[in-house]
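Notes for the one structure printed next.
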Amino acid sequence: MKIRFNRRMFTMMLLFSALNVAAVLVMRTGFHAAAHGVEASRSALTSSDSEGMLFPRESESREVRELGGMWKFRADMSSNRNAGFEQQWWTKPLEQTGPVIDMPVPASYNDITQDRQLRDFVGWAWYQRSFYAPTSWKNVKQRTVLRFESAHYNTIAWLNSKEIVRHDGGHLPFEADVSSILSYKVPNVLTVAVNNTLTPHTIPPGTIQYMDDPDRYPPGYFVQNLQMDFFNYAGIQRPVKLYTTPSVYLDDITISTDVQGTTGYVNFDCVIKGNSSAVPVTVELLDKTEELVARVKSSGKGQVKVNDVKLWWPFTMSSDPAYLYTLKVTVMGSAGQSDVYRLPVGIRTVKVTSTQFLINSKPFYFRGFGRHEDSDIRGKGLDYPLIAKDFNLIKWVGANSFRTSHYPYAEEIMDMCDQQGIVVIDECPAVGLKTKENFSNKTLAHHKDVMTELVRRDKNRPSVVMWSVANEPASQLPEAEYYFKTVIGHTKDVDPSGRPVTFVINQSFDTDRGGQFADVVCLNNYYSWYHDMGHLEVIKYQAKYNLEQWYLKHHKPIIQTEYGADAVAGLHMDPPMMFSEEYQQEVMTNYFSVFDQFRQQYLIGEMIWNFADFMTAQSTTRVAGNKKGIFTRQRQPKTAAFLLRDRYWRLANQTGPRNTEL
Ligand code: GCB
């Protein structure tokens, strides 16, 4: 992505960042979380790093309850965005603090009303709702946890006026044990404040810019500058859940799998909490039909052996793809009370050579997409019909993979990938690290925390075959070398299963300093789009030269993680012109011819940008958003979708049995 600011703004930004003014300005209004001591007291209240954060799944010992629906909502429009803290809005019904509206959870709040100010709001947004807790939960032998699947970006939550959790960063879950705070027979009041401000040290980074010229701007006027090409949707975007566990419970489980001949191995390592001495753990592996395959009793660590193993294969690589076993873990607590957790497990191996990406020792070619969580009205809000539709479209096209560009996607989406055999490059939200400040030690420390949280969340997923620690950083800067060595090294340290790690590069092969640390080289480029505009004939030369040079430099396999062109659905021009459907197709066809030259060599995948049109900040290069989708934002196919479908199914038939009707 190119940063799209006009020259005046750009000059101002440079000036501001040179003087480190952005951070000061953030403090000036106090509307960033730091002003409320969030960062200082983080370790005390954020979900602790030692917690496992297993995805809440119902069982005979666990209940899960969603707190979805209409919440009360109020954006703090005060000039310093601090009225909510000054007046302690969490201590009273939100409607007593001023005007409130109904806000759906989960959803981004931006596109729910007709209010332009709310769409573009920057600062603290306040949510509140009440709920009853069943008296059956008032049990000393059980705990109740409140979990946010994600809220963007900084969050503070209070239950019954008591602060329970703070979290830095969107797209990843956080939770708090609320057993001792819940009330019974009276409503519990949950208040949540979410702040979407991006600063040079958030991930993704951004800047706040004050327009201090009183002749041209109203007093106190500021804007949020983004360094990424998607709308900064905000709010409680994924489900909020209450779940229970027994007081002695499975806090975490880490698995890794291996295959030798026809035998599969599942190594497991459980973390049990709530008891000071070791408790017995029974681990059973069940097949798809719930038949017992193996049972192991241990103190939490061990291995399950599977004869005649059924491997987890990607979609189209087997007639029975995405085979999932269930690892049933039973923790024997005191007084006969046990905790049961069922983890879906796919047995597969991943290996990278200098020219190939091997899944179960077979070459895997990524036929995929860059995507976004994005749709009309709900923004980045989780939406089951949309998820189902998207997976149907992914399979209709014959794709087998996507990258979670440019942040971790909802766990409900990741479940679908595991279940349907859609392979994932799992990307963290570090998009747009562009300035020296973005590579500071402070950002680096936060970036490492984010990678720890991401790996902790997705480490057991068979669909996740590689981590991406960033998208298009300024990897030519000297600071980038140590930075990427460290973040990639850290990611390898926290993932015991040894998945490959990468980041996505848009710098030139002769200036980039980070690619040396990546296991796979992931490249984005937009020939005949952001330069040589309209000159489709250059693609073949430039794409070929680029792939050759990168391979010569690193001798590592390469994925083309982005290429493409905007097309306004229904705009036709022949001969093709930019923004027409024909131009998008021509760009694709030209890239395809280069991909075909390198597919049998070291090119291990192609991912078009983008699956569907998506919303961005407003700019002269964006027509109500980015239009590089092969589907519209409403998921209708452009002509390009048929072209891609034709290609992806043809490639699929070359690499394995097709397993669906066309
Ligand atoms: C990129 C970015 C992506 C943008 C895309 C574009 O390189 O990774 O976030 O949306 O270019 O369309 O400019």
Side-chain angles (χ1 to χ4, degrees), residues 1-5 170-171 198 203-206 225-233 366 368-375 379-380 402-409 425-434 438 468-476 502-509 512 514-515 518 521-533 539 542-543 546 550 558-569 578-579 583-584 587-588 591 605-633 638 640:
M1 186 199 118
K2 325 290 158 270
I3 305 179
R4 297 174 189 86
F5 301 116
H171 318 291
L198 301 181
I203 290 185
N225 293 318
L226 302 178
Q227 296 172 202
M228 64 210 195
D229 182 39
F230 53 94
F231 194 86
N232 191 31
Y233 279 112
F366 293 80
F369 295 103
R371 298 185 57 205
H372 270 295
E373 288 182 315
D374 176 274
S375 73
K380 293 199 180 304
F402 63 78
R403 171 170 62 120
T404 66
S405 42
H406 298 304
Y407 38 80
Y409 291 180
I425 301 174
D426 206 352
E427 186 159 280
C428 96
V431 46
L433 305 182
K434 298 289 181 199
N438 302 155
S468 163
V469 301
N471 179 69
E472 297 192 353
S475 58
Q476 79 286 11
T502 190
F503 73 99
V504 172
I505 305 175
N506 72 336
Q507 294 302 317
S508 168
F509 57 84
D512 165 76
V521 173
C522 291
L523 301 177
N524 293 353
N525 43 60
Y526 287 90
Y527 303 131
S528 91
W529 189 258
Y530 289 120
H531 52 83
D532 299 299
M533 295 162 194
I539 295 176
Q542 297 183 358
N546 193 50
W550 275 103
I558 301 177
I559 304 177
Q560 180 84 39
T561 32
E562 285 184 31
Y563 69 100
D566 286 73
V568 176
M578 292 176 79
F579 292 99
Y583 195 91
Q584 185 183 38
V587 166
M588 291 163 68
Y591 266 96
E606 53 190 87
M607 295 185 152
I608 194 161
W609 191 258
N610 188 285
F611 173 71
D613 294 346
F614 58 92
M615 193 46 70
T616 62
Q618 300 185 57
S619 91
T620 47
T621 58
R622 295 290 176 257
V623 191
N626 187 309
K627 295 282 185 277
K628 293 195 185 67
I630 65 153
F631 296 101
T632 64
R633 202 180 190 207
K638 298 180 192 171

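By convention here, the first residue in the shown sequence is residue 1. Atoms within a ligand are numbered from 1 in the order they appear, just like the ligands themselves.
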Short list, please: which atoms of ligand 1 are under 4.0 Å from a heavy atom of E562? 1 (C), 2 (C), 3 (C), 5 (C), 7 (O), 8 (O), 11 (O)
Donor-acceptor under 3.5 Å (N225 side chain, G206 main chain): no
For ligand 1, note which part of F230 has a heavy atom under 4.0 Å away: side chain, backbone, both or neither. neither
Numbered in order shown, the ligand 1 atoms found under 4.0 Å of a heavy atom of F614 are 10 (O)
Under a 4.0 angstrom heavy-atom cut-off, which atoms of ligand 1 come close to N626? 6 (C), 10 (O), 12 (O)
For S468, is there any backbone N or O sitting under 3.5 Å from a side-chain donor or acceptor partner on T502? no
Are K628 and Y526 in a cation-pi contact, defined as NZ or CZ under 6.0 Å from the six-membered ring centre and within 45° of the axis? yes
N610: which residues meet the side-chain contact (heavy atoms from CB on, under 4.5 Å) condition with it, sequence neighbours left out? H372, F614
Determine whether any heavy atom of N506 lies closer than 4.0 Å to an atom of ligand 1. no
Ligand 1 versus D566, non-hydrogen atoms closer than 4.0 Å: side chain, backbone, both, neither? neither
Residues D426, R403; criterion salt bridge (charged side-chain N to carboxylate O under 4.0 Å, His left out); working and verdict: CA-CA 6 Å; D426 206 352; R403 171 170 62 120; over 6 Å; no
I'd like to know if the side chain of D613 reaches the main chain of T632, judged simply by a donor and an acceptor atom lying under 3.5 Å from each other, with no hydrogens or angles considered. no
Show which atoms of ligand 1 fall inside a sub-4.0 Å distance from at least one heavy-atom site of K628. 6 (C), 12 (O), 13 (O)
Would you say ligand 1 has an N or O under 3.5 Å from any N or O of Y530? yes
May I ask you to check if ligand 1 and H406 share an N or O to N or O distance below 3.5 Å? yes
Short list, please: which atoms of ligand 1 are under 4.0 Å from a heavy atom of R622? 6 (C), 12 (O), 13 (O)
Who pairs with E373 by side-chain hydrogen bond (donor to acceptor under 3.5 Å, both in side chains), at least two apart in sequence or on another chain? R238
